[in-house]
Amino acid sequence: MYNTKEIEEKWQNYWKEHETFKAENNSDKEKYYLLVEFPYPSGAGLHVGHVRSYTALDSIARLKRMQGYNVLFPMGWDAFGAPAEQYAIKNHIHPKKAVEENIKVFKSQLLSMGYSFDWTREFSTTDPEYYKWTQWQFLKFYEQGLAYKAEKEINWCPQCKTGLSNEDAQGGVCERCGTKTEKKLKSQWLLRMTKYADRLLEGLDETEFLEKIKVAQINWIGKSKGASVFFGLEGLDDKLEVYTTRPDTLFGVTFMVISPEHKLLEKYKDRIKNISEVEAYQKEAKEKTEIERTDASKEKTGVKIDGLKAINPVNGETVEIWISDYVLANYGTGAIMAVPAHDERDFAFAKKFGIKIIPVIDNGEEELTEAYTGDGKMINSGFLNGITNKEEVIEKMINYLETNSIGHKTTNYKLQDWIFSRQRFWGEPIPMVYCEKCGWVPVPYEELPILLPDVTAYEPTETGESPLANITEWVNTTCPHCGGKATRETDTMPNWAGSSWYWLRYMDPHNDKEFANYDILKYWGMVDLYNGGMEHATRHLLYARFWHEFLYDQGLVPTPEPFKKRVAHGMILGENGEKMSKSRGNVINPDDMVKAYGADALRVFEMFIGDYSKDASWSENGLKGCKRFLDKIYRLKDKVVDKEGYTSELENIINKTIKKVTEDILSMDFNTAVSSLMILSNEYDKINELTKSDYRILLTLLNPIAPHITEELVSICKLGNPICETPWPTYDETKMIDETVTIAVSVNGKLRSSMSVPTNTGKDELIRLAKELENVQKHLKDKEIIKEIVVPNKIVNIVVK
RNA sequence: GCAGGUGUGGCGAAAUUGGCAGACGCACUAGACUUAGGAUCUAGCGGAGCAAUCCAUGGGGGUUCAAGUCCCUUCACCUGCACCA
């Protein structure tokens, strides 16, 4: 009937030649900034999941443009990092080359879908012109003391042979390869993200993120309020600091627990009589994976330290110190005061090792069978006895701690500083130089970018060093400070670095003086709508917000928060309802679908497939149905006669459909937008003649979702200028009023009949008409009418007894 | 365990926010046209019943003239986080 490929290429060329989708940096128009997460140009190419989210935002972009907005809808490539590097290693080509090839494929696939990206703003994070500014921003972090090098126990992936951030090692497994991570002590660059913990929490109020995304971020930041308490060490002029959220239970402390990594153990090695037992436990803990260690259901283990005892500062009692892996080294102070009566974990530990349990909150029971965590009257607690209000007790205790200098109020976060070093070749070199004399020295701004060398070996090394360490001619340099011999930092940045500011570069992508001009940043402001996967709710989104808040503090960007609204698309699952994967053999290649049914049909189908935010299973039959819908629209052209103005009997539904489609696309209810267009086309199908206006409005409304075929039909039928160059239609409320409405009539709430009456018929009249209906009379017979309810234009309900 | 979410035909889903449950599409059934049909058109399509009618939105209870929608309770599944002191 028609050749989709020909039509699609024709219009894709038209848009390119006419620069239809170019966003203007100097414009009087109101701006609208739509952002989709830029993809990794992996060897696998475009996924039908990409098609879903890109089509969604593309249709909004197209509609907004027609509504007169200056729309920024850019696309680029997030090409540093492990996937690109592994692809290169596997295929024995340089990552740079691999990235180039993959981008080419990816881009041609995106072009074939007809997306309205402004391609003049395209860049890759691996372009030296781009990563120059990533390095530049790192130097800013360093200048402000927010980038620092520290010896730190990090998550190490033995498979990838690189360190990972906490965010990349969630659940104790490497996010890339699924290998269980190990703990490894390494000197690392870190970004002081903890300094922004509160800002990252407060900033959420300025956004319209989905609730579940906000919750995920709040949980990850993990703010908790409590107190630091200093326990004395018996016979020593030293203290053991613990963090607790329940200082009110201090009188219930019967032992202390420190993590196996706690520095106290090294410090007082000589005093500890059972040091070999302690060391054996430390070794055991180290060899366990994070998963094994943090399995809450497993039985508690631990060793009592013989030779070190703590003194409870509120009652002077001596308590034993234990080590156990249920206390984590990297949270709080790595040490806890244990209150077995009121903490489940401490309770389990005390039961196992026969430690005494002293209740300090009265729960009314004789015997404690489990930790009591509720409210109650304070007992066994000295000056706190008798108080029942928990908040009051906590406040009293904190006051006591502070006046006696044995503790103070503190806030704690689960969020930790961002581990920013990767022992990898394919990443932005960290622009730092190490000099024997001067220590770590930043590379001067004018020397940026520090380019990655062109070499042949980029496999990770066995030693845990970056592959760059082997390239001596690159590593050896002079100190920018003293001019003496120095070496470059050989670790590279994590691949989250490039994606932590890319939306800013899109606004001013060719600027070689600054990462982006401030006035231009000010014009575009915040990203209005940012779409991406749920998997980035705590990582990319947290890093990006942190980075942006920092730039704001430096006066480099105009707003504290980067993204106004964040939405997440549901996954496209395989036809069998499982996640698409090569091993399951249920992967659908968008290229094949475009070839068989055309880009428009694929776009329509993915919008029609279901609720945008929910997962949906692929269905080739569903796609065929959407192709049939487009074919039907194509056939409608034969009914078009040379007349203008809407056919009067269609006027009502046309106006309703304009309203529905406009609202649905903007609120991302794409499935119902498509369905209302199907309904409209079904109406067109029922009549013999269509005016040019009738046909054009249908094509216009469908255009954001199916841009090629609709433009082609406007052109074939000579319906005027291309849709993309004309304004989006408005609707006329007065034309949407129906002349007659169908009223449902029920008796005792059960539907008995219905009637067609003029719109806005009065209540009394409706009741009168309703009672005349045969089936209604039948149900009213010999009954007493108690109540008559009328909802105008909707329903009549007669209640009888 | 905590947090967020979802339960509606054979399937994907709608439901103007308390007012005719199942729009639209898929699959299926019957028929028409056809050398042919993975094209098109017509009709049907939650269950039971010849019918009037009855039963149906995970289960149970409640509010109401009226509940998929509101309240209580319970079950199932998904997705995060999880020994965070």
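Within every chain, numbering begins at 1; the chains are lettered A, B, ... in the order of the sequence lines, protein sequences first and strands thereafter. Just so it is clear, the model here is predicted, and its values are computed rather than measured.
Among the nucleotides rC20(B), rC83(B), rA14(B), the one closest to the side chain of Asp611(A) is rA14(B). Side-chain atoms of Thr244(A) lie closest to rA85(B) of the nucleotides rA82(B), rU6(B), rA85(B).
The partner of rU63(B) is absent, by the rule that a Watson-Crick or G-U pair needs both atom distances under 3.5 Å. Pairing partner, rG68(B): none, since no Watson-Crick or wobble contact has both distances short of 3.5 Å.
A distance of about 14 Å separates the P atoms of rG7(B) and rU57(B), rounded to the whole Å. Of the C1' atoms belonging to rC78(B) and rA66(B), the separation is 34 Å, rounded to the nearest Å.
Remark: C1' of rA13(B) and CD1 of Ile609(A) are 11 Å apart, rounded to the nearest angstrom.
With sequence neighbours left out, Tyr2(A) forms a ring pair (Phe, Tyr, Trp, His ring centres under 6.0 Å) with Tyr634(A).
In this pair, Phe255(A) and Phe349(A) present their aromatic rings parallel. The plane angle is below 30°, not in the 30 to 60° band.
Using a 4.0 Å cut-off on heavy atoms, the residues of residues 622-634 of chain A that approach RNA chain B are Lys624(A), Gly625(A), Arg628(A), listed by number. Using a 4.0 Å cutoff on non-hydrogen atoms, the parts of residues 793-801 of chain A near RNA chain B are Lys794(A), Ile795(A), Asn797(A), Val799(A), ordered by number.
Residue Asn621(A) has a polar side-chain atom (N or O) positioned under 4.0 Å from OP1 or OP2 of rA27(B).
Both tests pass for Lys300(A) against the ring of Tyr326(A): distance under 6.0 Å to the centre and angle within 45° of the axis.
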